[in-house]
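I have placed the structure first, in the form of C-alpha cells, so that the comments after it can refer back to it.
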Amino acid sequence: MLQTMEPKTAEAAGGAPLLMLRDVGKTFSNGVTALGRVDLTIREGDFLSLLGPSGCGKSTALRLIAGLSTPTTGLLDWRGDGAGGRFDTGFVFQEPTLLPWATVFDNVWLPLRLRGVSRTEATPAIREMIERVHLTGFEEAMPRELSGGMKMRVSIARGLVTKPRLLLMDEPFAALDEITRFRLNHDLLELWQEEKFTVVFVTHSVFESVFLSNRIVVMAARPGRVFGEIAVDAAYPRDEAFRTSPDYAALCREASRVLVDAMDAGAGDDRP
Amino acid sequence: MTALDRPDVSLALDPEEARRVRAARFERVGKWLLPLAIMVAAIWLWDRICVWNEIPRYILPRPGEVLYTLYADAGLLFGSLLVTLKITFLGLALAVAGGVGLAVLFAQSKWVEMSFFPFAIVLQVTPIVAIFPLINIYVDNQTAKLLLCAWIVAFFPILSNTTLGLNSVDRNLLDLFKLNGATRWQQLVHLRLPAAMPYFLGGLKIAGGLSLIGAVVAEFVAGSTGQSSGLASRIIEAGYRLNAPRLFAALILISFTGIVIFLVLSLISHLVLRRWHESALKQER
Ligand SMILES: Nc1ncnc2c1ncn2[C@@H]1O[C@H](COP(=O)(O)OP(=O)(O)OP(=O)(O)O)[C@@H](O)[C@H]1O
Ligand SMILES: [Mg+2]
C-alpha cells in the first residue's frame with residue numbers, strides 16, 4: 001500500500017515495461033487540453049485502473065494508447081519484443097457496440113475476420129472465447145435478444161479473441177447494475193489471470209478499481225494529468241470475500257482520499 | 001411473446017387484462033375489416049348515385065360495369081399493364097443501381113458528396129413534366145425516354161436515404177474497425193452497407209411508388225406523340241373516346257399496382273430486417 005505523487009518511483013515492482021507514455025499531451029482543435037504531460041509506464045501483466053473525475057482525459061489517454069488518436073506532444077514508447085502496437089490491442093467500450101445485424105458468433109469473429117481469418121479457421125478460437133465469457137449456447141443469438149450484461153460479455157470476448165497483449169477498457173461496466181457488475185468483475189479477473197494479458201481499465205468507481213487492479217492511477221483535470229498512484233498489493237485471486245475484508249475497506253478509503261485531493265487540485269487549476 | 005399474442009385460456013384474467021385482450025383482438029380484425037367495410041359502402045353509394053341521378057355511363061359508369069370492362073378488355077388492359085410494369089421495374093432497378101452506386105461513391109469522400117449532392121437535389125426538385133420536352137428532343141427510343149423519367153423520379157429517395165445510412169454508423173464501431181486495421185472495402189462491406197440497409201429499404205419503399213408514378217406521368221407526356229402502349233395511353237385514349245368504363249378500369253389497375261408494389265417492398269423490407277432492426281420487431285409491451 002503505497003501512494004506517491006511521483007509515479008515513476010512505483011516502477012520498481014512488477015513486470016517488464018510494455019508501454020511508456022513519455023510526456024504525452026493532447027490538445028484538441030477547440031483549445032481544450034485534455035492531457036498535459038503525462039508520464040506513465042504500463043508494465044506487462046498489469047491490471048492498471050485509470051481513476052479520475054469526469055473530463056480528466058481518461059478516454060483521451062485510452063484512445064491515444066489504442067492509436068485512434070495521435071498525441072500533440074510526447075511519444076508512446078512500445079517496449080517488449082517490438083511486437084506490440086495498436087494492432088495487438090483489444091478495446092472494450094462503455095456500450096457493448098456490437099453489430100446489431102450479426103449473431104454473437106459473428107460479432108466475436110469480427111476482429112479475426114478483418115484480419116482475413118475465415119469462419120472455419122476462426123471457429124475454435126471463437127467457440128473457446130464464447131465459452132470463456134460463459135455464453136455457450138448463445139452463439140446464434142442476436143444482440144437484441146441479450147441482456148446488458150450478456151452483451152458486455154460478447155464485447156469482452158470480441159476484445160480478447162485475437163489474444164491481444166493489451167486490453168483497453170473504457171468504463172465497460174458503468175451502465176450495468178451492481179450484481180451484474182460484480183459478476184463481470186469476477187469473470188474478468190479470472191480471464192486476466194489465466195490469459196496473462198495487460199489491462200488498462202478506465203473507471204469512475206473507487207470500489208471497482210480497488211477490487212480489480214494491482215495499480216490505480218488517479219488523474220486530475222485541467223489539464224488532465226497523473227495525480228497519484230496507489231499500489232494495491234492484495235493477492236489474486238480475489239473473490240467476494242475480498243470485498244468484505246478490512247484490507248479492501250482501507251484501500252477504498254485511501255483511494256477515495258486521493259481522488260478527492262485530485263478533484264480539489266483539478267478544480268483549483270486553471271487551463272495553461 | 002406476451003400474453004396478447006397467445007391468450008392462455010386457463011389463465012384467470014382480471015377485468016382490465018381481459019379488456020386489453022379483447023381490445024387487441026378487435027384491433028387485429030378491425031385493421032382489415034374497417035377499411036374494407038368503408039370501401040364496400042363507398043362502392044355501393046357510387047352505384048346508387050349513378051342509379052338515383054340517372055348519370056349516363058360515359059360520364060360516370062356504375063361499378064359493376066367497370067368491373068365488367070376490366071374483364072371484357074382484359075387482353076388490352078393487362079397487355080398495357082405489362083408495358084407499364086416493365087418500365088416501372090426497370091426504372092426502379094436502375095434507380096437502385098444508380099442511387100446505391102452514387103451513395104457509395106459519396107461515402108468514399110466528403111468532397112465528392114459535397115460536390116455532387118446539390119445536383120442530385122436539382123434533379124429531384126425540377127418537375128419531371130418540365131424536363132420531359134428536353135428528353136423528348138435528345139432521346140429517340142420511346143422505352144429509353146420513359147425509363148429515364150422513371151429513373152429520375154425514383155432514384156433520389158434511394159440516394160439520399162442510402163447516403164444518410166452509410167454516414168450514420170456508430171462512431172465506436174468505426175473506431176473498432178480502425179483498431180483492427182480494416183481496409184476501406186471491409187469497412188464498407190461489413191459495417192457501412194449493413195448499417196445503411198434499413199435506410200435503403202425505407203428509400204426503396206418510396207422509390208417503388210415514385211417509379212410507377214414516373215412511368216405513368218412520362219407516358220402521359222409522351223402519349224401525345226403517339227407510339228406508346230402503357231396504361232397511361234389507354235387512359236388518354238379512353239378519355240378521347242368518352243369510354244369512361246375503360247378509363248376507370250385502367251385507373252383501378254394503376255392504383256392496384258401501386259398498392260401491390262408497396263406491399264411487396266414492405267414485405268421484402270420486413271424479411272430482411274426482422275432479425276435485428278427495431279422497425280421490424282413486433283411491439284412488445
Ligand atoms: N474530440 C474532441 N474534441 C474536443 N474536445 C474533446 C474531444 N474529446 C474530448 N474532449 C475534451 O477533452 C476533455 C477530456 O475528455 P475525456 O473524454 O478524455 O474525459 P474522460 O476522463 O474520459 O471523462 P468521462 O469520465 O466523462 O468519460 C473533456 O473536456 C472533453 O470535453
Ligand atoms: Mg470517458
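Here is how names work: the chains are called A, B, and so on, in the same order as the sequence lines, proteins then strands, and each is numbered from 1. Note that the structure is a prediction, hence the values are computed from the model and not measured.
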Exercise. Looking at side-chain heavy atoms only, is the closest gap between A:Leu98 and B:Leu173 below 4.5 Å?
Worked result: no
Problem set entry | Segment of A:Phe93 engaging chain B (4.5 angstrom heavy-atom cut-off) | side chain
For this session: Determine whether more than 12 heavy atoms belonging to other residues, nucleotides or ligands lie under 6.0 Å from atom CD of A:Gln193.
Result: yes
Exercise. Counting only heavy atoms not in B:Leu267, do more than 12 fall under 6.0 Å of its CG?
Worked result: yes
For this session: Nearest 0.5 Å please: distance from the CE atom of B:Met197 over to the CH2 atom of A:Trp101.
Result: 10.5 Å
Exercise. Can you check whether B:Leu179 reaches A:Thr89 side chain to side chain, under 4.5 Å on heavy atoms?
Worked result: yes
Problem set entry | Side chain proximity check, A:Arg63 to B:Asp175, heavy atoms < 4.5 angstrom | yes
Problem set entry | Residue pair A:Arg144 / B:Arg274: nearest heavy atoms and the distance that separates them | NH2-O, 4.1 Å
Exercise. Can you say whether B:Asn172 sits under 4.5 Å from chain A via the side chain, the backbone, both, or neither, judging by heavy atoms?
Worked result: both
For this session: Give, for atom CG of A:Leu112 and atom CG of B:Asn180, the distance between the pair rounded to the nearest 0.5 Å.
Result: 8.5 Å
Exercise. CZ/B:Arg275 to OG1/A:Thr103 distance, rounded to the nearest 0.5 angstrom?
Worked result: 7.5 Å
Seminar exercise, completed: CZ of B:Arg171 to CG of A:Leu68, rounded to nearest 0.5 Å, is 10.0 Å
Problem set entry | Minimum side-chain heavy-atom gap A:Leu110-B:Phe177 below 4.5 Å | yes
Exercise. Do other residues, nucleotides or ligands put more than 12 heavy atoms under 6.0 Å from B:Met39 CE?
Worked result: no
Exercise. For A:Glu194, does the CD atom sit with more than 12 other heavy atoms under 6.0 Å from it, leaving out its own atoms?
Worked result: yes
For this session: For B:Phe117, look at atom CZ and say whether over 12 heavy atoms of other residues, nucleotides or ligands are found less than 6.0 Å away.
Result: yes
Exercise. Pick from A:Gln94, A:Glu145, A:Arg158: which one has the most heavy-atom pairs with chain B under 4.5 Å?
Worked result: A:Arg158
